[in-house]
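Note that ligands are numbered from 1 as they come in the structure, with each ligand's atoms numbered from 1 the same way.
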Amino acid sequence: MNIILFGAPGSGKGTQAKLLTEKYGFDHVSTGDLFRYEMSHNTPLGIKAKEIINRGDLCPDDITMGMLKNHIVSHADSCGFIFDGVPRTIHQAEMLDDEKMFDTTKVDMVLYLFVEMEEVERRILRRAQIENRADDTPEAIKVRVQNFFDQTMPLVDYYREQGKLVQVDGMRTIEEVFGSLCEEIDQRLA
Ligand code: AP5
Ligand code: MG
């Protein structure tokens, strides 16, 4: 089973993906984490991505999906993937649906963590005091949220039309949100 965890920056995708991975044994793949790994190792890809990510913009689709493909190929024995932060544009979703590019990763469901924008900002600014992400500044958060509305939100209709979208109220506690996500997954597995 392959699941997309969909939601705005700071909506809880990473938090929930970790919990779901522990429970179901999925492979959690976050393109944000993959980019941060590349940046921390100063690879050519990381150097190229750094400026884009730090200002809050999206990295080019071909680079992002190429990186994702490498991850999938090197985790071929996975029982299923949780895609966190990818796809993020219609073009990325079409690439993921293209069997010539991604033949083993048919998307089964898209879990949309709905969180209000004021809460998103509060959560990211709170995280900024604990972690040290260069894109967790007020300026970059504004750009990230705007990009989410402009480039990523169209995916809601894209996956709704495919009958795969499930919206979950992400404004509750971590445990409550997790409970709802598990219910949805268990229903689909049954
Ligand atoms: P990415 O790393 O994916 O960042 P993001 O989507 O902006 O999301 P975050 O990781 O900030 O938030 P999250 O939803 O994971 O929330 P979290 O669980 O941490 O991407 C970073 C950048 O990389 C992008 O801007 C782009 O440049 C590039 N990139 C990545 N993927 C790309 C792609 N596909 N295409 C192009 N470019 C791409 O939670 C946030 C905080 O809230 C935490 O502190 C957490 O503890 C807390 N929290 C979580 N849930 C709750 C709750 N229920 N109640 C209270 N607090 C909570
Ligand atoms: Mg994250």
Side-chain angles (χ1 to χ4, degrees), residues 4-22 28-40 45-72 81-96 102 105 107 110-155 158 168-181:
I4 293 174
L5 261 190
F6 182 88
S11 57
K13 301 183 295 295
T15 303
Q16 295 297 336
K18 278 193 195 83
L19 296 171
L20 293 171
T21 298
E22 279 165 24
H28 171 204
V29 50
S30 151
T31 37
D33 287 348
L34 294 179
F35 278 126
R36 281 185 284 279
Y37 177 86
E38 299 286 338
M39 290 192 290
S40 69
L45 196 161
I47 291 165
K48 202 183 274 180
K50 192 170 189 169
E51 201 191 319
I52 303 174
I53 290 180
N54 288 356
R55 66 169 186 261
D57 276 322
L58 293 184
C59 296
D61 291 337
D62 54 341
I63 294 181
T64 304
M65 297 310 275
M67 184 178 71
L68 178 69
K69 170 113 195 187
N70 286 342
H71 178 92
I72 289 172
F81 291 94
I82 296 204
F83 297 116
D84 161 2
V86 69
R88 246 172 156 105
T89 62
I90 292 282
H91 187 218
Q92 289 182 15
E94 288 170 347
M95 287 164 104
L96 191 56
F102 290 92
T105 47
V107 174
V110 179
L111 297 168
Y112 174 16
L113 296 174
F114 178 81
V115 176
E116 286 163 16
M117 287 307 129
E118 294 77 19
E119 173 67 6
V120 152
E121 204 169 320
R122 261 196 303 274
R123 286 185 191 176
I124 298 180
L125 289 174
R126 210 180 304 135
R127 182 179 63 191
Q129 293 172 346
I130 308 162
E131 293 177 25
N132 198 18
R133 267 177 59 170
D135 61 344
D136 279 351
T137 61
E139 300 76 32
I141 294 169
K142 220 174 264 167
V143 179
R144 286 160 65 194
V145 168
Q146 194 58 49
N147 284 331
F148 174 72
F149 280 117
D150 295 343
Q151 302 190 58
T152 307
M153 273 302 274
L155 289 174
Y158 181 88
V168 168
D169 176 8
M171 293 289 288
R172 297 165 297 158
T173 66
I174 291 172
E175 295 71 25
E176 286 167 338
V177 177
F178 180 59
S180 293
L181 295 177

Does the distance from a Lys or Arg side-chain N to an Asp or Glu carboxylate O, for [X] and [Y], drop under 4.0 Å?
{"X": "Lys18", "Y": "Glu22", "result": "no"}
{"X": "Lys142", "Y": "Glu139", "result": "no"}
{"X": "Arg55", "Y": "Glu51", "result": "yes"}

Could you tell me which atoms of ligand 1, counted from 1 in the order shown, lie closer than 4.0 angstrom to a heavy atom of [X]?
{"X": "Arg36", "value": "2 (O), 21 (C)"}
{"X": "Gly32", "value": "1 (P), 2 (O), 20 (O), 30 (C), 31 (N)"}
{"X": "Ala8", "value": "14 (O)"}
{"X": "Val86", "value": "34 (N)"}
{"X": "Gly14", "value": "13 (P), 15 (O), 18 (O)"}
{"X": "Thr64", "value": "33 (C), 34 (N), 35 (N), 36 (C)"}

Judging by distance only, is a nitrogen or oxygen of [X] under 3.5 angstrom from one on ligand 1?
{"X": "Gly10", "result": "yes"}
{"X": "Gly85", "result": "yes"}
{"X": "Ser11", "result": "yes"}
{"X": "Glu119", "result": "no"}
{"X": "Asp84", "result": "no"}
{"X": "Phe35", "result": "no"}
{"X": "Arg172", "result": "yes"}

Please work out whether the ring planes of Phe6 and Phe148 are parallel, tilted or perpendicular, with thresholds of 30° and 60°.
tilted
Trace of the side-chain hydrogen bond (donor to acceptor under 3.5 Å, both in side chains) decision for Arg88 with Thr64:
CA-CA 10 Å; Arg88 246 172 156 105; Thr64 304; over 6 Å; no
Nearest 0.5 Å, what's the [atom1]-[atom2] distance between [X] and [Y]?
{"X": "Met153", "Y": "Asn147", "atom1": "CE", "atom2": "CG", "value": "14.0 Å"}
{"X": "Lys48", "Y": "Ile63", "atom1": "NZ", "atom2": "CD1", "value": "4.5 Å"}
{"X": "His71", "Y": "Phe83", "atom1": "NE2", "atom2": "CZ", "value": "8.5 Å"}
{"X": "Asp62", "Y": "Met95", "atom1": "CG", "atom2": "CE", "value": "6.5 Å"}

When you measure from [atom] to each heavy atom in [options], which option holds the nearest one?
{"atom": "atom 27 (O) of ligand 1", "options": "Asp33, Thr89, Asp57, Leu125", "result": "Asp57"}
{"atom": "atom 45 (C) of ligand 1", "options": "Thr173, Asp136, Thr15, Thr152", "result": "Thr15"}
{"atom": "atom 6 (O) of ligand 1", "options": "Arg144, Glu176, Arg88", "result": "Arg88"}
{"atom": "atom 42 (O) of ligand 1", "options": "Arg123, Glu175, Met67, Met65", "result": "Arg123"}
{"atom": "atom 22 (C) of ligand 1", "options": "Leu113, Ile124, Ile53, Ile52", "result": "Ile53"}

Evaluate the criterion salt bridge (Lys or Arg N to Asp or Glu O under 4.0 Å) for residue pair Glu118 and Arg122; output intermediate values, then yes/no.
CA-CA 6 Å; Glu118 294 77 19; Arg122 261 196 303 274; over 6 Å; no
Side chains of Tyr37 and Met67: closer than 4.5 Å at any heavy-atom pair?
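No, too far: nothing below the 4.5 Å cut-off.
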Please tell me if the side chains of Phe35 and Leu45 come closer than 4.5 Å, counting only heavy atoms from C-beta onward.
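Yes - at least one pair of side-chain heavy atoms lies under 4.5 Å apart.
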One residue to check: [X]. Relative to ligand 1, which of side chain, backbone, both or neither has a non-hydrogen atom less than 4.0 Å away?
{"X": "Gln16", "value": "neither"}
{"X": "Met171", "value": "neither"}
{"X": "Pro60", "value": "neither"}
{"X": "Leu58", "value": "both"}

For [atom], what is the closest protein heavy atom, and at what distance to 0.1 Å?
{"atom": "atom 10 (O) of ligand 1", "value": "Arg133 NH1, 2.9 Å"}
{"atom": "atom 31 (N) of ligand 1", "value": "Thr31 OG1, 2.8 Å"}
{"atom": "atom 35 (N) of ligand 1", "value": "Gln92 NE2, 2.9 Å"}
{"atom": "atom 16 (O) of ligand 1", "value": "Gly12 N, 3.1 Å"}
{"atom": "atom 8 (O) of ligand 1", "value": "Lys13 NZ, 3.2 Å"}
{"atom": "atom 43 (C) of ligand 1", "value": "Arg127 CD, 4.0 Å"}
{"atom": "atom 37 (N) of ligand 1", "value": "Cys59 N, 3.1 Å"}

Take a 6.0 Å sphere around CD of Glu131 and say whether it holds more than 12 heavy atoms from other residues, nucleotides or ligands.
yes
Within a 6.0 Å radius of atom CD on Glu176, are there more than 12 heavy atoms belonging to other residues, nucleotides or ligands?
yes
Main-chain N/O of [Y] paired with [X] side-chain donor or acceptor, under 3.5 Å:
{"X": "Lys13", "Y": "Leu5", "answer": "no"}
{"X": "Thr31", "Y": "Gly85", "answer": "yes"}
{"X": "Arg144", "Y": "Asp135", "answer": "yes"}

Return yes when Glu131 approaches ligand 1 closer than 4.0 angstrom through a heavy atom, no otherwise.
no
